Participant: 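First the structure, which I've put down as structure tokens, then a few questions once you've had a look.
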Amino acid sequence: DASVERVKTKIIIAADGVESQVARQAGMNNCLELKQVAAALEYRVENINVESDTISFYVGREIAPGGYIWVFPKSQNSANIGLAISVDDRDGVVAADYLDGFMADHFPSGCIREKFCGMLPSYRGKEMFHIGNILVAGDAARAVDSLSGAGIVNAVYSGRYAGQAAVEFLSGRVGNINNIERLYPGKFLDERGDDLNNYLKLRRVYTHVNDGEFTEIIRELRRYFKTHNVYNIHAAGLLLHLVKTKPRLLRLVRYLI
């Protein structure tokens, strides 16, 4: 028989994913608009030939509007193949149609062993990390790279800082729960906030780039990285460099504001 157990606690860390029920039941408005989410679909594929040491990405309005397709090799004969696309940019076509079309063109003999699907949220700022005595971490807090959809690194960082803040509160070193924000999300955003904001802006730019402009950008980046280090890239600064060298891209700057 099902039973109910009531537990009282001084603080909670909500790390229950993009549809966080803990945060929602506490009163946080974590509903997602279509423009704030991407649809993601991935297949685990066997019976194919891939370079086991090469990760491939495919972009373009015809292939994955507002997103991209990835091929992550698992061996020379298997890979994770998936895509993420903007939900409000599909013109009525479902994600599987794009991915199945790609599979038919590039891996017609592939055998799909497993399928995974989900939503990728966009970063929404400081207000998603804390409500009452609840600290929200990872996808539940929208701590996501809005450009690529990557969330594991930010989930680890936000979880660590939320845990440290909880320890400080429970030990009595933070007298009022409202003062916890200097620790969380304060310390987390000190370390990751600029990147999260920049990738959100670049996401807006990316969704407004046409295929011709994207080709120009790739060609210029090839020239750029012949003389620049690929480490410690400042995303917004790189876009400004592209605008200077390709004035036709100036219209994209407004999406950074």
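Keep in mind that the numbers below use all heavy atoms, side chains included, and drop hydrogens, waters and symmetry copies. From a predicted model like this one, the values you see are computed outputs, not experimental measurements.
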Participant: So do Y98 and P65 actually touch side chain to side chain, heavy atoms under 4.5 Å?
Facilitator: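 Answer yes - side chains close enough.
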Participant: Could you tabulate the donor-acceptor pairs under 3.5 Å formed by side-chain atoms of residues 211-219, not counting sequence neighbours?
Facilitator:
unit_1: D211; atom_1: OD1; unit_2: R61; atom_2: N; d: 3.1
unit_1: D211; atom_1: OD2; unit_2: R61; atom_2: N; d: 3.3
unit_1: E213; atom_1: OE1; unit_2: N210; atom_2: N; d: 3.1
unit_1: E213; atom_1: OE1; unit_2: N210; atom_2: ND2; d: 3.4
unit_1: E213; atom_1: OE1; unit_2: R251; atom_2: NH2; d: 2.7
unit_1: E213; atom_1: OE2; unit_2: R251; atom_2: NE; d: 3.0
unit_1: E213; atom_1: OE2; unit_2: R251; atom_2: NH2; d: 3.3
unit_1: T215; atom_1: OG1; unit_2: D211; atom_2: O; d: 3.0
unit_1: E216; atom_1: OE1; unit_2: R248; atom_2: NH2; d: 2.6
unit_1: E216; atom_1: OE2; unit_2: R248; atom_2: NH2; d: 3.3

Participant: Would you give the length of the straight line joining atom CD1 of I112 to atom CG of N47, rounded to the nearest 0.5 angstrom?
Facilitator: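 If I round to the nearest 0.5 Å, the distance is 11.5 Å.
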Participant: With distance as the sole test, does S86 use its side chain to make a donor-acceptor pair with the main-chain N or O of G66 at under 3.5 Å?
Facilitator: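 Checked: pair present.
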Participant: If only atom types and distance count, is the side chain of T207 paired as donor or acceptor with the main-chain N or O of R203 below 3.5 Å?
Facilitator: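 Confirmed, T207 side chain pairs with R203 backbone.
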Participant: In the structure I gave you, are the side-chain heavy atoms of N77 and N49 within less than 4.5 Å of one another anywhere?
Facilitator: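 Side chain of N77 against side chain of N49, heavy atoms only: contact under 4.5 Å found.
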Participant: Do L32 and M28 land in one hydrophobic cluster if side-chain heavy atoms of ILVMFWY residues count as linked below 4.5 Å?
Facilitator: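 Different clusters: L32 never reaches M28 through Ile, Leu, Val, Met, Phe, Trp or Tyr contacts under 4.5 Å.
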Participant: Please examine the side chains of F188 and N154, heavy atoms only from C-beta on, and report whether any two atoms are closer than 4.5 Å.
Facilitator: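 When only atoms from C-beta onward are counted, F188 and N154 do touch, with a gap below 4.5 Å.
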Participant: Kindly determine whether N198 and Y123 satisfy side chain to side chain donor-acceptor pair (under 3.5 Å), including the steps that lead there.
Facilitator: CA-CA 10 Å; N198 286 334; Y123 180 60; over 6 Å; no
Participant: What residues, two or more places apart in sequence or in another chain, satisfy side chain to side chain donor-acceptor pair (under 3.5 Å) together with E51?
Facilitator: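 Once residues adjacent in sequence are excluded, the partners of E51 under the side chain to side chain donor-acceptor pair (under 3.5 Å) criterion are T54.
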Participant: Hey, quick one: are L120 and I63 part of the same hydrophobic cluster, counting side-chain heavy atoms closer than 4.5 Å, chains of contacts allowed?
Facilitator: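 No, it is not one cluster - the side chains of L120 and I63 are not joined through contacts under 4.5 Å.
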Participant: Once rounded to the nearest 0.5 Å, what's the spacing between atom SG of C31 and atom CD of E19?
Facilitator: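 With rounding to 0.5 Å, SG (C31) is 10.0 Å from CD (E19).
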Participant: Is it true that atom NZ of K246 has more than 12 heavy atoms of other residues, nucleotides or ligands lying nearer than 6.0 Å?
Facilitator: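 Atom NZ in K246 is crowded, with more than 12 foreign heavy atoms closer than 6.0 Å.
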Participant: Name the atoms and distances for all side-chain donor-acceptor pairs under 3.5 Å in residues 161-171, with sequence neighbours left out.
Facilitator:
unit_1: Y161; atom_1: OH; unit_2: E191; atom_2: OE1; d: 2.4
unit_1: E168; atom_1: OE1; unit_2: R173; atom_2: NE; d: 3.0
unit_1: E168; atom_1: OE2; unit_2: R173; atom_2: NE; d: 3.3
unit_1: E168; atom_1: OE2; unit_2: R173; atom_2: NH2; d: 3.0
unit_1: S171; atom_1: OG; unit_2: V167; atom_2: O; d: 3.1
unit_1: S171; atom_1: OG; unit_2: E168; atom_2: O; d: 2.9
unit_1: S171; atom_1: OG; unit_2: R173; atom_2: NE; d: 3.4
unit_1: S171; atom_1: OG; unit_2: R173; atom_2: NH2; d: 3.3

Participant: Measure across S52 and S75 and return the closest heavy-atom pair with its distance rounded to 0.1 Å.
Facilitator: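 That would be CB-C, 3.9 Å.
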Participant: Apply side-chain contact (heavy atoms from CB on, under 4.5 Å) to I11 and I177, showing your working.
Facilitator: CA-CA 9 Å; I11 195 166; I177 190 64; 4.0 Å; yes
Participant: As an exercise, state the distance from CG of L41 to CD1 of I69, rounded to the nearest 0.5 Å.
Facilitator: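 If I round to the nearest 0.5 Å, the distance is 10.0 Å.
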Participant: Check the hydrophobic clustering (I, L, V, M, F, W, Y; side-chain heavy atoms under 4.5 Å; chains of links allowed) and say if V153 and L196 are grouped together.
Facilitator: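 As far as the 4.5 Å side-chain criterion goes, L196 and V153 are connected within one cluster.
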Participant: Check whether R142 reaches the backbone of V18 with its side chain - one donor and one acceptor, N or O, closer than 3.5 Å.
Facilitator: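 Indeed, once roles are kept as given, a pair shorter than 3.5 Å links the two residues.
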Participant: Are any non-hydrogen side-chain atoms of Y224 and T245 less than 4.5 angstrom apart?
Facilitator: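 No, side chains not in contact.
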Participant: Ignoring hydrogens and angles, tell me if any N or O in the side chain of N179 forms a donor-acceptor pair with the backbone of V174 under 3.5 Å.
Facilitator: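 No; zero donor-acceptor contacts below 3.5 Å.
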Participant: Less than 4.5 Å apart, any side-chain heavy atom of L242 and any of L221?
Facilitator: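 Answer yes - side chains close enough.
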Participant: Are side-chain heavy atoms of V50 and F107 found at a separation under 4.5 Å?
Facilitator: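 Yes, side chains in contact.
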Participant: Mind checking the CG-CZ spacing from D145 to R192? Nearest 0.5 Å is all I need.
Facilitator: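 The CG atom of D145 sits 9.0 Å away from the CZ atom of R192.
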Participant: Are F116 and I55 grouped together when hydrophobic residues (ILVMFWY) are joined by side-chain heavy atoms under 4.5 angstrom apart?
Facilitator: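 F116 and I55: separate clusters.
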Participant: N30 and side chain to side chain donor-acceptor pair (under 3.5 Å): which single residue from R124, E127, R24 fits?
Facilitator: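 The single option meeting the side chain to side chain donor-acceptor pair (under 3.5 Å) with N30 is R24.
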Participant: My understanding is that only one of N80, L83, L99 makes a side-chain contact (heavy atoms from CB on, under 4.5 Å) with Y43; could you say which?
Facilitator: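 Passing option: L99.
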Participant: Hey, could you give me the CD/CZ distance between E42 and R44, rounded to the nearest 0.5 Å?
Facilitator: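 Taking CD in E42 and CZ in R44, the distance rounds to 7.0 Å.
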Participant: Could you give me the CA-CA distance, side-chain angles and deciding distance for R204 and S122, then say whether side chain to side chain donor-acceptor pair (under 3.5 Å) is met?
Facilitator: CA-CA 11 Å; R204 292 199 294 265; S122 295; over 6 Å; no
Participant: Please list, one pair per line, the donor and acceptor atoms closer than 3.5 Å that link side chains of residues 128-136 to other protein atoms, with sequence neighbours excluded.
Facilitator:
unit_1: H130; atom_1: ND1; unit_2: E181; atom_2: OE2; d: 2.9
unit_1: H130; atom_1: NE2; unit_2: G132; atom_2: O; d: 2.7
unit_1: N133; atom_1: ND2; unit_2: K10; atom_2: O; d: 3.1

Participant: Closest heavy-atom contact between A79 and V71?
Facilitator: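 Heavy atoms only, the tightest pair is CB-CG1, 4.0 Å.
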Participant: For Q21, I'd like to know if atom CD has over 12 heavy atoms of other residues, nucleotides or ligands within 6.0 Å.
Facilitator: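 Yes - once you tally the heavy atoms of other residues, nucleotides and ligands closer than 6.0 Å, there are more than 12.
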Participant: Of the non-hydrogen atoms in D16 and A140, which two are nearest, and what is the gap between them?
Facilitator: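 Nearest heavy atoms, D16 then A140: OD1-CB, 4.1 Å.
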Participant: I'd like to check the ring pair (Phe, Tyr, Trp, His ring centres under 6.0 Å) partners of H106; sequence neighbours left out, ordered by chain and number.
Facilitator: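 By the ring pair (Phe, Tyr, Trp, His ring centres under 6.0 Å) rule, H106 matches Y58, F102.
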Participant: Can you name the nearest heavy-atom pair linking S20 to A14, along with the distance?
Facilitator: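 Of all heavy-atom pairs spanning S20 and A14, the closest is OG-CB, 4.2 Å.
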Participant: Compare every heavy atom of I85 with every heavy atom of A95, then report the nearest pair and how far apart it is.
Facilitator: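 Nearest pair, atom of A95 first, then I85: CA-CD1, 3.9 Å.
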Participant: List the residues meeting ring pair (Phe, Tyr, Trp, His ring centres under 6.0 Å) with Y68, not counting sequence neighbours, and say none if there are none.
Facilitator: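 Expected list: F57, W70.
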Participant: A side-chain contact here means heavy atoms from C-beta on lying under 4.5 Å apart; do M103 and V45 qualify?
Facilitator: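 Yes, their side chains come closer than 4.5 Å.
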Participant: Linking I/L/V/M/F/W/Y whenever any side-chain heavy atoms sit under 4.5 Å apart, do V144 and L189 land together?
Facilitator: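 Shared cluster, no.
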